[in-house]
Amino acid sequence: MNMKLTLKIWRQSKPDKKDAKGNFTPGGGKMETYALNEVSPDMSFLEMLDVLNEKLVKEDKEPVAFDHDCREGICGMCSMYINGQPHGPDRGITTCQLHMRSFKDGDTIYIEPWRAKAFPVIKDLMVDRSAFDRIIQAGGYVSVNTGVNVDANEIPIGKGIADKAFDAATCIGCGACVAACKNASAMLFVAAKVSQLALLPQGKPERKARVEKMVAQMDEEGFGACTNTGACSAECPKGISLEHIARMNREYFGAKLTSERV
Amino acid sequence: MKLDSKVPEGPLADKWERHKFNLKLVNPANKRKYDVIVVGTGLAGASAAASLAELGYNVKAFCFQDSPRRAHSIAAQGGINAAKNYQNDGDSIFRLFYDTIKGGDYRAREANVYRLAQVSVNIIDQCVAQGVPFAREYGGLLDNRSFGGAQVSRTFYARGQTGQQLLLGAYSALSRQVATGKVQMFPRTEMLDVVLVDGKARGIVVRNLVTGQIESHSAHAVLLCTGGYGNAYFLSTNAMGSNVTAAWRAHKRGALFANPCYVQIHPTCIPVTGDHQSKLTLMSESLRNDGRVWVPKKVEDAEAIRKGQKRAEDINEDERDYFLERKYRSFGNLVPRDVASRNAKYVCDEGRGVAPTGLAVYLDFRDAIKRDGMKVIEAKYGNLFQMYEKITADNPYKTAMKIYPAVHYTMGGLWVDYNLMTNIPGLYALGEANFSDHGANRLGASALMQGLADGYFVIPYTLGDYLATLDYAKVPTDHEAFRATEEEVKKSVQDLLDVKGSKTVDEFHKDLGKLMWDYCGMSRNAEGLKLAKEKIQELRQEFKNNVKVLGTNDELNVTLEKACRVADFIELGELMIDDALMREESCGGHFREEYQTEDGEAKRDDDNFAFVANWEYKGENQAEVMHKEDLVFENVKLTQRSYK
Amino acid sequence: MSANPTAVKQKPNWLIEMLGSTIGRKLMMALTGLFLILFLAIHLAGNLQLLVPDEGRTFNEYAEFMGHNKLIQIVSILNFAFIIIHIVVSIILTRYNRTARPVAYAYNRASANSSWASRNMIWLGMILLIFLVLHLINFWAKSKFGPIEEVVYEGRTYHDLYAIVKMEFANPLIVGVYVLAMAGLAYHLLHGFQSAFQTFGVNHVKYTPIIQSFGLLFSILVPLLFAAIPIVMYVQSLL
């Protein structure tokens with residue numbers, strides 16, 4: 001049974017601007033309405049947009065620009081705010097894993113880009129998430145060069161710790177946490193990396209400097225503060241727990257109070 | 001053309017050590033005088049960029065995605081092989097080497113494969129040191145599993161997300177070097193050509209995907225780490241953006257393309273549901289450790305299932321045909337990917353397929369759940385089952401999964417020597433983009449191994465050997481060669497925009513995909529390939545005359561990006577067909593119906609086809625010329641692959 | 001070996017830097033909030049003495065003690081300071097958080113992923129602030145500066161604060177305001193109590209459920225008992 005849908009999609013041709021001081025100028029844009037018939041419930045959400053784009057191209061209209069790549073929920077590129085929620089109404093999935101059977105014939109679907117000062121819109125539904133890369137560059141790594149000659153099994157790690165570190169490491173960097181948070185806070189993203197490396201013995205030598213630098217970079221990018229609403233974790237496609245934010249807070253206070261950087 | 005593979009002399013086990021000693025070194029203080037371009041930031045690219053920057057080279061890294069962390073290596077699920085023999089089950093470097101050579105149906109270079117097995121152990125050490133959270137046993141040591149038909153447990157894994165964790169490890173190393181300033185990162189930038197100066201690769205021309213600007217970058221060497229070309233089939237497990245453009249443009253500048261017809265079709269993918277399908281999702285091969293593959297014995301039962309009148313549960317045990325277990329008593333459901341895929345195709349061709357399209361077989365966990373309990377199965381495959389249910393709305397705990405083969409990996413790629421350099425001096429190819437290690441078929445959990453081996457442990461040694469022969473002077477990007485290449489690129493882009501035809505890029509891509517899948521897919525024959533060659537030439541002509549690309553070059557133009565890629569896929573497709581037609585034998589992923597044993601297994605012709613087929617581009621509308629690199633096997637005996 | 005890449009941007013003082021960070025500001029909210037929670041418990045314990053049926057003697061004696069004990073005086077100054085910090089930081093934070101999303105969503109369904117209270121802390125806080133001002137005018141100002149009657153118990157003279165309370169809570173309008181404010185307090189606590197612990201970094205499989213259960217109990221019970229006082233006294237005034 002094919003469905004008829006009304007799509008309301010954010011269209012923006014000029015990019016948002018964010019200068020070095022953090023001043024933000026919206027590029028302007030508006031919600032456009034499109035009618036789409038013949039939508040199969042077996043389609044993924046992005047396949048539905050493919051169909052729309054083919055239709056638009058045929059009509060000599062500009063297709064909707066959106067980020068997507070792996071289409072299996074792991075690259076973290078797709079990023080749509082669908083009917084008021086990041087990655088749409090279903091839990092634990094990315095936009096590309098959302099299927100049209102989650103909607104009903106006759107539905108109206110709102111599709112918007114992630115909204116945050118730190119994620120300026122490039123075009124339509126595409127946003128610039130390079131802020132996340134810069135946060136990782138600030139310290140989201142273990143400083144080892146290629147060529148360590150320590151046998152992997154010389155660092156035993158209890159299964160519980162390894163599993164917990166994995167739970168944090170599973171972050172795909174999609175930015176749904178920021179999109180969902182009423183403060184556009186990036187705490188869950190930052191915490192996932194801080195927590196992963198704080199849990200593992202490999203991350204211990206740099207743990208204080210790491211959390212200080214990553215939090216400083218996070219603030220520098222203009223993300224809001226965490227107010228513990230839990231929206232990030234609820235909308236995270238990988239279900240990353242708030243526990244990691246708590247761990248980051250501990251790491252941060254501990255580092256600030258005891259590190260020798262004054 | 002004389003191809004020198006530069007394989008070092010000496011016994012197999014000593015070749016790499018000896019070679020490393022003989023390679024020229026670049027003084028630490030001089031490394032900063034060399035610039036290196038790395039295109040692609042998957043496992044091969046990110047690990048190479050990070051390692052080279054750590055050594056002191058100035059690296060410029062490019063990726064078309066918005067961040068290096070999104071490269072498609074991230075989607076690899078199952079694991080990474082390493083000859084650690086932690087399990088005390090008889091693994092060794094030689095066994096990993098042997099399995100890889102045999103699994104590749106004796107179409108890979110011995111020396112490269114042996115080196116791959118040697119450095120595999122270092123990869124695990126490196127990744128653990130980076131904080132990659134591999135699966136652990138309760139005692140805190142690393143866990144292993146048997147994977148893809150291996151007779152030993154040598155696969156390291158991180159739940160079903162090994163590729164993600166390894167890539168994030170390499171990405172973190174890369175990020176660290178970006179922070180030091182040793183790596184300059186160019187995301188959302190696509191390479192459209194390589195620039196040759198005096199016959200050497202000295203830079204690239206790229207398109208900034210946000211602004212459309214065509215710009216040049218100069219360096220002393222260029223590394224292509226741009227992945228495979230599976231998207232020539234339109235439907236594949238590759239990411240939507242995965243493309244052959246970088247490799248293909250290098251090919252058109254003179255780099256030889258090796259074994260383009262070697263394509264791996266993965267047996268366990270979620271079946272196609274309709275014309276809207278944009279890509280296929282892989283279900284990890286590890287599922288075949290416990291799942292049993294079957295179809296109904298009777299065509300009538302299959303028909304009833306296709307019409308929705310019956311379900312898997314309604315078919316009695318004695319009415320089921322566990323065809324892999326029946327035909328391959330020793331390996332059963334764990335036969336290599338090509339064998340499993342082909343057999344799935346056969347039973348579907350017989351009319352026993354189970355999805356509405358007729359193109360699916362069952363992968364059933366009923367017996368495993370009965371044997372091990374729901375909990376054990378959930379712990380092993382929970383995330384995969386969940387993913388399957390999200391996509392299909394079927395619950396694999398209750399009903400059998402449906403799977404069908406899909407294009408997954410391409411063993412072919414740019415020809416490289418032992419140093420990973422193509423026949424163009426200064427142009428290297430790493431990871432899936434080269435042809436070197438997997439022969440005609442890749443074993444499970446070996447792609448991650450190869451990508452990281454090339455990037456972490458091979459290129460840092462071999463690149464210096466070449467750079468040491470160059471002087472430090474940089475070629476400015478206003479050099480005539482850069483200008484000329486830029487102009488050509490601009491023209492090719494403008495040509496696409498100027499067609500203003502009526503058929504969309506996706507329509508062309510789908511047509512190409514269907515052609516390739518039907519005639520150059522799991523099973524090929526001369527007649528079909530000849531027909532396909534005619535059709536693909538027509539398609540190419542039609543593309544030139546009738547493709548519809550909207551907008552301009554000076555903007556973010558998604559259709560234009562796709563058009564550039566599809567144009568290259570069409571050209572590559574023709575070469576794949578040529579290669580498949582030339583190779584009159586069956587080996588690994590290449591199955592020619594004319595060449596099979598009496599019981600339908602692939603029949604190699606070692607006397608006439610134990611070579612790498614390297615194709616040289618001769619210009620527009622000219623037939624490509626093939627150059628052979630003969631494969632010499634000194635350490636393994638060529639045998640018929642048998643999994644019975 | 002490459003040099004260690006990024007030195008932290010040096011700011012004049014680490015403590016100011018810490019408290020000025022987004023996490024540090026939350027720390028201030030949590031610390032002051034938790035102190036105010038403690039204050040609420042003590043304040044409630046004192047106020048419940050209003051309900052002792054001895055015409056306010058217990059309450060007046062308690063008030064006398066509270067009004068003259070030096071330690072209590074210091075704590076009450078701290079209390080005011082913390083209230084002010086809590087308010088000022090919350091306003092700064094809210095304004096800052098607003099700037100983090102300059103363009104709003106056309107369609108947002110926040111209720112799908114977070115509680116109403118957690119999203120409206122600033123407004124609940126504003127209600128409490130207005131209430132606090134009224135409350136201080138009603139009682140604290142009168143007890144300090146207003147003309148006040150005196151009572152004598154066993155030869156000692158006490159301010160008859162009980163009489164003031166009794167008079168105020170005979171007014172149904174005031175009773176209504178108090179009850180409403182306490183409802184606001186309940187919602188504020190519902191998020192604030194457990195949120196403070198999360199900010200401190202206390203999140204543990206063993207203890208978090210206890211904190212959450214206790215927080216729930218506290219958030220309901222304390223405002224309920226506070227609200228009971230004006231209601232009971234109003235009813236008493238009718239008898």
Side-chain angles (χ1 to χ4, degrees), chain A residues 40 42-44 46-47 50-51 54 57-58 60 62-63 65 67-77 93 97 99 101 122-123 128-130 132-133 136-138 140-153 155-159 162 165-166 169-170 173 196-197 200 202-203, chain B residues 47 50-51 54 65-67 69-70 72 74-75 86 124-126 128-131 133-142 158-159 161 164-165 168 171-173 175-176 178-179 187 210 239-241 273-274 276-279 281-282 387 390-391 393 456 460 504 506 548 550-551 556 558-559:
Chain A
S40 153
D42 286 330
M43 282 178 187
S44 73
L46 297 184
E47 284 165 351
D50 290 342
V51 171
E54 280 289 282
V57 171
K58 291 263 177 200
D60 286 329
E62 194 172 14
D67 270 324
H68 65 110
D69 200 26
C70 79
R71 296 212 179 181
E72 49 187 281
I74 194 75
C75 76
M77 200 136 166
I93 54 167
Q97 293 172 299
H99 277 67
R101 66 178 78 91
I122 297 172
K123 184 175 184 175
D128 175 0
R129 284 167 287 189
S130 54
F132 273 8
D133 288 321
I136 297 295
Q137 285 156 19
Y141 45 75
V142 176
S143 296
V144 290
N145 283 354
T146 302
V148 281
N149 274 317
V150 180
D151 188 88
N153 260 350
I155 314 171
I157 302 168
K159 191 174 180 339
F166 181 93
T170 188
Q196 177 203 343
L197 296 177
L200 294 172
Q202 299 94 309
Chain B
S47 59
S51 305
E54 286 161 8
Q65 298 92 342
D66 73 333
S67 161
R69 67 179 293 150
R70 312 221 190 269
H72 198 56
I74 205 156
Y86 281 159
I124 303 304
D125 299 342
Q126 180 64 28
V128 166
Q130 286 169 344
F134 282 120
R136 300 265 166 179
E137 288 168 354
Y138 284 98
L141 300 184
L142 290 155
R159 289 194 206 154
Q161 288 154 250
Q164 182 202 25
Q165 293 309 316
L168 293 182
Y171 161 75
S172 71
S175 297
R176 175 169 160 248
V178 173
V210 177
M240 300 303 285
T273 57
H276 54 258
Q277 196 92 26
S278 63
K279 82 151 265 163
T281 303
L282 175 82
M387 177 170 92
K390 296 265 189 234
I391 294 172
Y456 281 137
T504 67
D506 274 358
K548 181 169 193 171
L550 299 176
L556 193 156
V558 182
T559 329

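The sequence lines fix the lettering, A, B, ..., with proteins before strands; numbering per chain opens at 1. Heavy atoms only: backbone and side chains are in, while hydrogens, waters and symmetry mates are out.
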field: Partner set under side chain to side chain donor-acceptor pair (under 3.5 Å) for B:Gln126, not counting sequence neighbours
entry: none

message: Using side-chain heavy atoms (C-beta onward) and a distance below 4.5 Å, is B:Arg176 in contact with A:Ser143?
response: yes

- request: For each of B:Gly131, B:Ser47, B:Ser67, tally heavy-atom pairs with chain A at distances under 4.5 Å, and name the one with the top tally.
  value: B:Gly131

message: Please check: side-chain N/O of B:Arg70 versus main-chain N/O of A:His68, any donor-acceptor pairing under 3.5 Å?
response: no

task: Mind listing the closest non-hydrogen atom pair of A:Lys58 and B:Thr504 along with its distance?
output: CE-CG2, 3.9 Å

Pick from A:Asp128, A:Leu46, A:Ile122, A:Val51 with the largest number of heavy-atom pairs that fall under 4.5 Å of chain B: A:Ile122

query: What part of A:Asn153 is in contact with chain B, defined as an atom under 4.5 angstrom from a non-hydrogen atom: side chain, backbone, both or neither?
result: both

field: Winner by heavy-atom pair count (cut-off under 4.5 Å) against chain B, out of A:Asp67, A:Ile93, A:Leu197, A:Thr170
entry: A:Thr170

- request: Return the option, out of B:Ala393, B:Pro187, B:Gly551, B:Gly139, with the maximum number of heavy-atom pairs under 4.5 Å with chain A.
  value: B:Ala393

task: For chain A, find which of B:Gln161, B:Arg159, B:Met387, B:Gln277 contributes the most heavy-atom pairs closer than 4.5 angstrom.
output: B:Arg159

task: Pick whichever of A:Ile74, A:Val148, A:Val142 has the most heavy-atom pairs under 4.5 Å with chain B.
output: A:Ile74

message: Is a donor from one side chain sitting under 3.5 angstrom from an acceptor on the other, for A:Glu72 and B:Thr281?
response: no

task: Identify which part of A:Asp69 has an atom lying under 4.5 Å from any heavy atom of chain B, answering side chain, backbone, both or neither.
output: both

query: Side chain, backbone, both or neither: which part of A:Ile155 has a heavy atom under 4.5 Å from chain B?
result: both

- prompt: Is the side chain of A:Gln97 donor-acceptor paired with the backbone N or O of B:Lys390 at a distance under 3.5 Å, no angle test?
  reply: no

query: Is any side-chain heavy atom of B:Glu137 less than 4.5 Å from a side-chain heavy atom of A:Lys159?
result: no

task: State the CD1-CG distance between A:Ile157 and B:Leu142, to the nearest 0.5 angstrom.
output: 7.5 Å

query: Quick one: of B:Tyr456, B:Phe134, B:Tyr138, who has the most non-hydrogen atom pairs under 4.5 Å with chain A?
result: B:Tyr138

message: Less than 4.5 Å to any heavy atom of chain B: does that hold for the side chain of A:Ser130, its backbone, both, or neither?
response: neither

query: When you measure from the side chain of A:Asp50 to the backbone N and O of B:His276, does any donor-acceptor pair fall under 3.5 Å?
result: no

message: On a heavy-atom basis, which atom in A:Cys75 and which in B:Ile74 lie closest, and how many Å separate them?
response: CA-CG2, 3.8 Å

- prompt: Of all heavy-atom pairs between A:Gln196 and B:Pro133, which one has the smallest distance, and what is that distance?
  reply: NE2-CD, 3.9 Å

- prompt: Looking at residues at least two apart in the chain, or sitting in another chain, which of them share a side chain to side chain donor-acceptor pair (under 3.5 Å) with B:Arg69?
  reply: none

- prompt: What option among B:Val210, B:Val178, B:Val558, B:Ile124 has the most heavy-atom pairs under 4.5 Å with chain A?
  reply: B:Val178

task: Answer whether the closest heavy-atom distance between the side chains of A:Leu200 and B:Gln130 falls below 4.5 Å.
output: no

Trace of the side chain to side chain contact (heavy atoms under 4.5 Å, CB included) decision for B:Asp66 with A:Phe132: CA-CA 11 Å; B:Asp66 73 333; A:Phe132 273 8; over 6 Å; no

- line: Bottom line for A:Arg71: the part with an atom under 4.5 Å from chain B's heavy atoms is both

query: What's the shortest heavy-atom distance between B:Ser278 and A:Glu47, and which atoms?
result: N-OE2, 2.7 Å

- prompt: B:Thr559 versus A:Pro63: any side-chain heavy-atom pair under 4.5 Å?
  reply: yes

Region of B:His72 in contact with chain A, defined by heavy-atom distances below 4.5 Å: side chain

query: Do B:Val128 and A:Gln202 have side chains that get closer than 4.5 Å, going by heavy atoms?
result: yes

- prompt: How far apart are the closest heavy atoms of B:Asp506 and A:Glu54, and which atoms are they?
  reply: CB-OE2, 3.4 Å

message: Need one label for A:Val150: side chain, backbone, both or neither, based on atoms under 4.5 Å from any heavy atom in chain B.
response: backbone

field: Part of B:Ile391 lying under 4.5 Å from any heavy atom of chain A
entry: both

- request: List the steps and the verdict of side chain to side chain contact (heavy atoms under 4.5 Å, CB included) for B:Leu550 and A:Glu62.
  value: CA-CA 7 Å; B:Leu550 299 176; A:Glu62 194 172 14; 5.8 Å; no

- line: Answer key: most heavy-atom pairs under 4.5 Å with chain B among A:Gly73, A:Gly76, A:Ser44 is A:Gly76

statement: All heavy atoms of A:Cys70 vs all of B:Ala239, minimum pair found to be CA-CB, 3.8 Å

- line: Scored by heavy-atom pairs under 4.5 Å with chain A, the best of B:Ala129, B:Gly274, B:Ser51, B:Ala173 is B:Ala129

query: Do B:Gln165 side-chain atoms and A:Ala169 backbone N/O form a donor-acceptor pair below 3.5 Å?
result: yes

- request: Determine whether A:Asp60 and B:Lys548 make a side-chain contact, defined as any pair of heavy atoms from C-beta on separated by less than 4.5 Å.
  value: yes

- line: The interface call for B:Leu168 against chain A, heavy-atom contacts under 4.5 Å, is side chain

Distance, nearest 0.5 Å, that separates OG of B:Ser172 from CD1 of A:Ile136: 8.0 Å

- line: If one checks every heavy atom of B:Ala50 against chain A at 4.5 Å, the contacting part turns out to be neither

